[in-house]
Amino acid sequence: MTLYARFAAHVDAALDALVTGGQLPADLDRKGVSVEPPRDPSHGDLATNAAMVLAKRAGTNPRALAGLIAPKLEALAEVSAAEIAGPGFINLRLSSDVWQEELGTILAEGEGYGRSDMGQGQRVNVEYVSANPTGPMHMGHCRGAVVGDALASLLEHAGYAVTREYYVNDAGGQVDVLARSAHLRYREALGEDIGEIPEGLYPGDYLKPVGKALAKEHGDRFVAAPESEWLVPFREAAVAAMLVMIKADLALLGIHHDIFASEAEVQAAGKPDAAVEALRARGLIYEGALERPKSLDPHDEWEPVELTLFKSTQFGDDQDRPVKKSDGSWTYFGADMAYHFQKAQNADQLIDIWGADHAGTVKRIKAAVAALTDGKPFDVKLVQMVRLLRAGEPVKMSKRAGNFVTLADVVREVGRDVVRFTMLTRKSDAQMDFDFAKVVEASKDNPVFYVQYAHARIRSLHRKVASEVPDLPEAADLSLLDDDELALVKLAAQFPRIVESAADAHEPHRVAFYLHDLAAAFHAQWNKGNDDPARRFLVAQNPALTRARLELAAGIGQIIRNGLSIMGVAAAEEMA
RNA sequence: GCGCCCGUAGCUCAGUUGGAUAGAGCACGAGCCUUCUAAGCUUGGGGUCGCAGGUUCGAAUCCUGCCGGGCGCGCCA
């Protein structure tokens, strides 16, 4: 049980006592009552809004009710003072034993500190990356990959059973283009001069090995054959080769999905039919024509065509959406809807991580999931573009010319940990700049460095203590820690709340911001030792105090490691 | 025309799902340090939270309407 849960229970017990004493009605709705650290530390260690929330429901005023609750809380051994403040907050100051014990808990629980059972083992499916299998991963995919993976990890820490999933779009026109591009490389591998890659085909060199492998396997029998003879095998071979590349790219970031779900297999298994039938049974499918798109120029041609449509407008979409094309094949949406239906069979909650350029399709898929699952929780997180900069100048990229910056290049240049941390230093729906120079800069302006540096300093203490402070006692007396030092413990003790609130909000970046705050507080404490050697963590003349401070440092280090572990970042032992 | 996202200090961004006097870094002002507890430290100024209403004990946060910016709006994927 976390500190916060414990005090929420204390508040609950205080309210129970008032009910028993007849000072509060028994059927009082306690919804909205919370126990949180106040924004301003001078207000105390914890604050509850109980009196403000309940006053109206209990037919009294907040400060009067607070006057009843506060003494009950003040009577607790863990509480040194309970003050009524402002509109009716009850501010609690906890005795320093509480914080000393909490530091002990951090060290005892180690990497388990901050884990929560909030999710109660609920199954959450997180689908992320899902880049088209038509080439290596580029930086456009990177942020979604990191955010999705960190979110998955965050949810695991919060007690959810997480499945990491990748949807392979191997059924549409783009993989046909891939197959044709591979065919060209196949002819090239057999000695043909193919010249310039035609417009509309994938130009990248990464298809050359695919062409060679196809040439080796098939010889020249498909060189002049009609497309219908080679398209399917070439497509399958090329997609398989692309997935090998993509998995290797993801592995560079430390990302491993549990499931790679194939769109082609979803279709082959008849899932879209099943989904459409489920919708049809609810009267949500009909034959009809779409309106002329508003984005068309007035002189563009438009002919209404009869299509199979899903009534997504009943769930807030702007127009109904086709699930089948006029040639009878499934639309992307038709298959994707079925895929989500399938995912929902094995999960209590679904989360998708999408690029912001797909924002326009969120409503239809939410509509479909709502209709097919009777409102199972489903969140689509949109991840904004990352602008790559080199010395302040935007890096020019053109996918058509094939000179996009690959994820592998970036990871090789700056390292996995820097990439992952940096991608989490902004709210995911906000645009972000990624400057090659700044992300590796050794300065306090660089949060990656700043957090790692704090951890490295803590490690250096443990490396040096034996030689600098020889007679270190076995046991630590944490009552030797002063108020400034306990303030660090208080900040560290917020970690479990950060994990829970970040998991609840599906916002892994909060962990990064929290670690930055924690590192800043640690550095500030450390810097006091510059002016006053007695305030250093290692004090040669005082082994007992050193022992206590070492525990403090170890606790902070543990929290940094736990937070970084959620982000998928390794903690630095020392700075290069 | 419609939809989505955004609008917080000069700049880049946080803001604990509705809490108390709205924060951090950069930049700017002042002082300190020249150091392996290194890759600076301390401290100060700086705000109509786009605007106007509404909801309530309480709003940067929720609702409505405007203003401004971005993105999207085909049987594509």
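Every chain is numbered from 1 and lettered A, B, ... according to where its sequence line falls, protein lines coming before strand lines.
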Expressed in angstrom and rounded to an integer, what is the separation of [X] atom [atom1] from [N] atom [atom2]?
X        : N      : atom1 : atom2 : value
A/Asn530 : B/rU42 : CG    : P     : 9 Å
A/Asp445 : B/rA24 : CG    : P     : 16 Å
A/Asp40  : B/rA24 : CG    : P     : 12 Å
A/Arg497 : B/rU17 : CZ    : C1'   : 11 Å
A/Asp435 : B/rC13 : CG    : P     : 13 Å
A/Leu461 : B/rA38 : CG    : P     : 11 Å
A/Leu65  : B/rC57 : CG    : P     : 14 Å
A/Phe513 : B/rU16 : CZ    : C1'   : 13 Å

For a 4.5 angstrom cut-off between non-hydrogen side-chain atoms, does [X] reach [Y]?
X        : Y        : value
A/Phe434 : A/Val414 : yes
A/Tyr332 : A/Asn169 : yes
A/Arg143 : A/Arg426 : yes
A/Ile566 : A/Phe495 : yes
A/Tyr128 : A/Val147 : no
A/Met242 : A/Val175 : no
A/Val539 : A/Pro533 : no

Subject >> 5' precedence on RNA chain B between A/Met52 and A/Arg39 (nearest-nucleotide basis) >> reply: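 Its nucleotide being nearer the 5' end, the pick is A/Arg39.
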Original post:
Starting at the 5' end of RNA chain B, which residue's closest nucleotide do you reach first, A/Val539 or A/Ala430?
Top reply: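 Counting from the 5' end, the first nearest nucleotide belongs to A/Ala430.
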Looking only at atom [atom1], what distance separates [N] and [M], rounded to whole Å?
N      : M      : atom1 : value
B/rG45 : B/rA30 : C1'   : 11 Å
B/rG68 : B/rC2  : P     : 14 Å
B/rU42 : B/rG25 : P     : 9 Å
B/rU43 : B/rC62 : P     : 34 Å
B/rG72 : B/rU55 : C1'   : 32 Å
B/rG3  : B/rC11 : C1'   : 31 Å
B/rC26 : B/rC36 : P     : 24 Å
B/rA52 : B/rC75 : C1'   : 44 Å

Among [options], the nucleotide that comes nearest once only the side chain of [X] is considered:
X        : options                : result
A/Glu507 : B/rG19, B/rC75, B/rG15 : B/rG15
A/Pro293 : B/rC75, B/rG15, B/rG74 : B/rG74
A/Trp526 : B/rU37, B/rA77, B/rG40 : B/rU37
A/His509 : B/rC75, B/rC26, B/rA14 : B/rA14
A/Ala85  : B/rG19, B/rA39, B/rA20 : B/rA20
A/Leu290 : B/rU42, B/rG74, B/rU37 : B/rG74
A/Asp504 : B/rA77, B/rU17, B/rC41 : B/rU17
A/Pro322 : B/rC75, B/rC4, B/rA14  : B/rC75
A/Arg426 : B/rA14, B/rU16, B/rC75 : B/rA14
A/Lys325 : B/rC41, B/rC75, B/rU42 : B/rC75

**OP:** Measure from the ring centre of A/Phe89 to the centre of the six-membered ring in the base of B/rA20, then say whether that distance is under 5.5 Å and the planes meet at under 30°.
**Re:**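 According to the criterion (under 5.5 Å, under 30°), yes, A/Phe89 stacks.
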Original post:
Has A/His516 got its ring stacked on the base of B/rA24, with centres under 5.5 Å and planes less than 30° apart?
Top reply: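 So A/His516 does not count as stacking on the base.
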Any N or O donor-acceptor pair linking the side chain of [X] to the base of [N] at under 3.5 Å?
X        : N      : answer
A/Arg457 : B/rU37 : no
A/Arg510 : B/rU16 : no
A/Ser326 : B/rC75 : yes

Original post:
Taking the six-membered ring where the residue is Trp, are the ring centres of A/Phe421 and A/Tyr450 under 6.0 Å apart?
Top reply: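 A/Phe421 vs A/Tyr450: aromatic centres not under 6.0 Å.
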Original post:
Taking the six-membered ring for Trp, is the centroid-to-centroid distance between A/Tyr339 and A/Phe341 below 6.0 Å?
Top reply: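 No, the ring centres sit 6.0 Å or more apart.
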**OP:** Sort out the partner of B/rG31 for me: Watson-Crick or G-U wobble, both distances under 3.5 Å, none otherwise.
**Re:**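 Pairing partner: B/rC41.
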Original post:
So what's B/rC4 paired with, Watson-Crick or G-U wobble, going by both distances under 3.5 Å?
Top reply: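 B/rC4 is paired, partner B/rG70.
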Which is true for [X] with a 4.0 Å heavy-atom rule: it touches a base, it touches only sugar-phosphate, or it touches nothing?
X        : answer
A/Tyr453 : base
A/Gly529 : nothing
A/Lys464 : sugar-phosphate
A/Pro38  : base
A/Asn91  : base
A/Val53  : base
A/Phe537 : base
A/Ala442 : sugar-phosphate
A/Lys427 : sugar-phosphate
A/Ala502 : nothing

Original post:
Going by a 90° cut-off around 0, is B/rU34 syn or anti?
Top reply: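 Anti, angle beyond 90° from zero.
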